[in-house]
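Before any comments, here is the structure.
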Amino acid sequence: MHKIKRPLPVMTRNADPAVPWLDRSMPDIDKAKAALKRIADSCRHAGAVIEKHSNEIHE
């Protein structure tokens with residue numbers, strides 16, 4: 001279960017600062033884009049971990 005949950009806090013840590021970066025009068029688009037890319041990477045990693053464990057369970 002730990003391996004499945006591990007990417008979730010990483011996604012939160014990347015998402016939390018992204019909104020303030022976009023809410024500024026001069027939004028920091030580059031930082032927000034980088035955070036979104038890290039979130040997407042974490043989502044892909046989480047999907048791979050879930051798929052691997054799902055396959056192990058069904059074997």
Side-chain angles (χ1 to χ4, degrees):
M1 185 61 103
H2 174 71
K3 288 182 180 182
I4 293 171
K5 288 180 160 182
R6 191 175 9 190
L8 299 176
V10 174
M11 287 183 246
T12 303
R13 273 196 311 272
N14 285 307
D16 285 342
V19 173
W21 289 331
L22 294 172
D23 277 343
R24 295 178 178 173
S25 60
M26 297 280 295
D28 195 331
I29 302 296
D30 291 335
K31 282 187 179 180
K33 283 171 50 175
L36 290 170
K37 287 177 184 177
R38 289 191 301 272
I39 293 166
D41 289 343
S42 294
C43 289
R44 282 188 283 279
H45 175 70
V49 169
I50 292 167
E51 184 174 339
K52 177 184 176 197
H53 288 285
S54 176
N55 289 338
E56 289 173 359
I57 292 169
H58 290 103
E59 287 181 352

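Quick caveat, the model's predicted, so the values are computed rather than measured. Numbering starts at 1 and runs along the sequence shown.
Between Arg38 and Asn14, the shortest heavy-atom distance links the atoms NE-OD1, 2.6 Å. Nearest heavy-atom pair, Ala35 versus Ala18, reported as atom, atom and distance to 0.1 Å: CB-CB, 4.1 Å.
Side-chain contact between Leu22 and Asp28: absent, with no pair of heavy atoms (C-beta onward) separated by less than 4.5 Å.
If you chain together hydrophobic residues whose side chains sit under 4.5 Å apart, Leu36 and Trp21 never meet in one group.
Using a 4.0 Å cut-off between charged side-chain N and carboxylate O, Asp41 and Arg44 make a salt bridge.
In this structure, CG on Asp16 lies 12.5 Å from CE on Met11, to the nearest 0.5 angstrom.
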